[in-house]
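Ligands are counted one by one from 1 in listed order, and the atoms in each one are counted from 1 as well.
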Amino acid sequence: MDYNAFTVEINKICNIDLSSYKEKQMKRRIDSLIRRNGHNSYDTYLELLKKSKYHLEEFLNYITINVSEFFRNPVQWQVLEQEIIPELLKYKNRLKIWSSACSTGEEPYSVAMLLSKMNLKDKAKIIASDIDKNALKKAKEGMYTSKELTNIPENMIKIYFNISNDDMYVIKDEIKKMVEFKTLNLLEDPYPSECDLILCRNVMIYFTEEAKEKLYRKFYNALSDRGIFFVGSTEQIIMPHKYGFINHKNFFYQKIIDSDESLPKHGGFNFPGHSKIR
Ligand SMILES: C[S@@+](CC[C@H](N)C(=O)[O-])C[C@H]1O[C@@H](n2cnc3c(N)ncnc32)[C@H](O)[C@@H]1O
C-alpha cells in the first residue's frame, strides 16, 4: 500500500482526511512514527492501528501538532485588545468568539483573560474547538507548568491562576467558565454561525492550498457581518478579497458586506459579487 492508499484507510478509521494536509510534511512525520514503532510498511502499521487503541491514540496525537502558547505573538494580542475588540463592540453588545483550533486551551484562555482584564467578562461567549480529544481534555483541565506561562504578565498570573500542591498553575474557575470546549474537525464538521471574532492560528499551515480555500469560505460564512478573522503570524491570506475579506490590520481580516460603505475598499477593488460568496 502506498501513502495515498494509507490516507484513504485512515479516513475510514478515524474520519481524518490526511490528503487535505500538506503531503511532504505529513508523510515525513508518519513515516518516522512507523519506523519508531518497528514497522516498515503502511500495511502492517495499519493493522496495528486497527488492533491497538493505544497506537491509534499515539498516531492521532502525533499527527495533530499541539504546540501552543498563551498570548502567542504578543503584539497581535495588543492589537486585539486596543483596536479589534473595542471596534467589534461598536456594532454588538455581546460578542461570539470562536477559537477554532484551540489545542490545549492556551488560546481561548488568553481571550478569556484578556476580556476579564478589559472588564468585558459578561460581554462575550467563547467557543473553543479542536479535532484532538486529548488536547481538549488537557484544555478543560486548564493545568499548566510555570514554563508554559511565558508571555503572561506576572500580575495576570496572580489574578487568574491558582498554584496546586504539585506546583502546577491552574486556571481559575471564573476564567474556565467563560469557555465552552467541543470537538470539531475543521475539514468535515459544520461551523458555528454568527461569530464576531474567529481565531484560526497555526493550523492552516498544515493544509493543502485546496483545503485552505475551502476553509476560508467556511470561515467567511461562520462570521457575522464585519466579523474579524484572526490568523497566525505565518498565515497571511493571499488575495483575501477572493473570499470576501479585507485586510483590516496585519493578521486580522474583516468580512465585508455589500452595503457597508464605511469600510475601505481594498486597493481600489470593488470586489464584484463578493456578497455571493456563501
Ligand atoms: C499548532 S496547534 C495551534 C494551537 C493554537 N491555535 C495556537 O496558535 O497556539 C494546531 C492545532 O490544530 C489542530 N488541528 C489539526 N487539524 C485539525 C482539523 N482538521 N480540525 C480541527 N483542528 C485541527 C491540532 O489538533 C492542534 O491542536
Side-chain angles (χ1 to χ4, degrees), residues 7 10-11 13-23 25-27 29-30 33 56-77 79-80 97-114 126-142 144 147-152 171 179-192 195 197-219 222 228-237 250-253:
T7 65
I10 287 296
N11 206 356
I13 302 177
C14 47
N15 202 26
I16 298 186
D17 177 13
L18 291 179
S19 70
S20 292
Y21 292 76
K22 284 180 191 150
E23 178 171 328
Q25 222 170 305
M26 186 56 90
K27 184 174 179 307
R29 276 183 83 73
I30 291 174
L33 181 64
L56 185 59
E57 289 253 319
E58 180 195 50
F59 174 75
L60 293 175
N61 246 333
Y62 192 73
I63 58 165
T64 54
I65 300 160
N66 295 132
V67 184
S68 192
E69 265 173 40
F70 286 96
F71 299 103
R72 192 169 188 171
N73 312 114
V75 174
Q76 291 160 30
W77 288 82
V79 177
L80 183 67
I97 299 175
W98 176 29
S99 164
S100 67
C102 70
S103 186
T104 39
E106 290 86 338
E107 185 176 277
Y109 287 141
S110 298
V111 177
M113 286 188 277
L114 184 68
I126 305 169
I127 304 166
S129 63
D130 201 282
I131 195 173
D132 182 347
K133 292 195 170 72
N134 283 326
L136 285 171
K137 188 165 170 270
K138 178 167 181 208
K140 282 181 202 160
E141 282 163 9
Y144 303 92
K147 254 175 90 183
E148 289 172 311
L149 305 190
T150 17
N151 292 343
I152 313 184
I171 293 267
V179 184
E180 182 194 317
F181 288 101
K182 60 180 183 190
T183 316
L184 189 150
N185 179 351
L186 291 171
L187 296 164
E188 304 288 339
D189 295 332
Y191 288 9
C195 300
L197 171 67
I198 298 177
L199 297 91
C200 178
R201 309 186 71 221
N202 305 299
V203 62
M204 284 293 203
I205 31 163
Y206 302 116
F207 295 134
T208 61
E209 290 309 310
E210 300 81 71
K212 278 188 209 170
E213 292 217 356
K214 178 178 133 189
L215 297 200
Y216 288 141
R217 292 183 204 286
K218 285 181 83 175
F219 280 119
I228 295 283
F229 186 54
F230 179 15
V231 303
S233 63
T234 56
E235 297 176 312
Q236 269 126 323
I237 307 177
N250 275 343
F251 313 108
F252 294 92
Y253 296 88

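Here the CG-CD1 distance, from L56 to I13, works out to 6.5 Å after rounding to the nearest 0.5 Å.
Here K137 pairs with E141 under the salt bridge (Lys or Arg N to Asp or Glu O under 4.0 Å) rule; sequence neighbours left out. Legend: residues meeting salt bridge (Lys or Arg N to Asp or Glu O under 4.0 Å) with K27, ordered by chain and number and at least two apart, are D31. Applying the side-chain contact (heavy atoms from CB on, under 4.5 Å) rule to S100 yields the partners W98, L186, I198, C200, F219; only residues at least two apart in sequence or on another chain are considered.
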Could you walk me through whether K138 and Y144 satisfy the side-chain contact (heavy atoms from CB on, under 4.5 Å) test, starting with their C-alpha distance in whole Å, then the side-chain angles of each, then the deciding distance to 0.1 Å, before giving a yes or no? CA-CA 9 Å; K138 178 167 181 208; Y144 303 92; 4.1 Å; yes

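Remark: aromatic rings of Y216 and Y191 are distant, center separation not under 6.0 Å.
Contact shell of ligand 1 (protein heavy atoms, cutoff 4.0 Å): Y21, T64, I65, N66, V67, S68, E69, R72, A101, S103, E107, D130, I131, D132, L184, N185, L186, L187, R201, N202, V203, Y206, F207.
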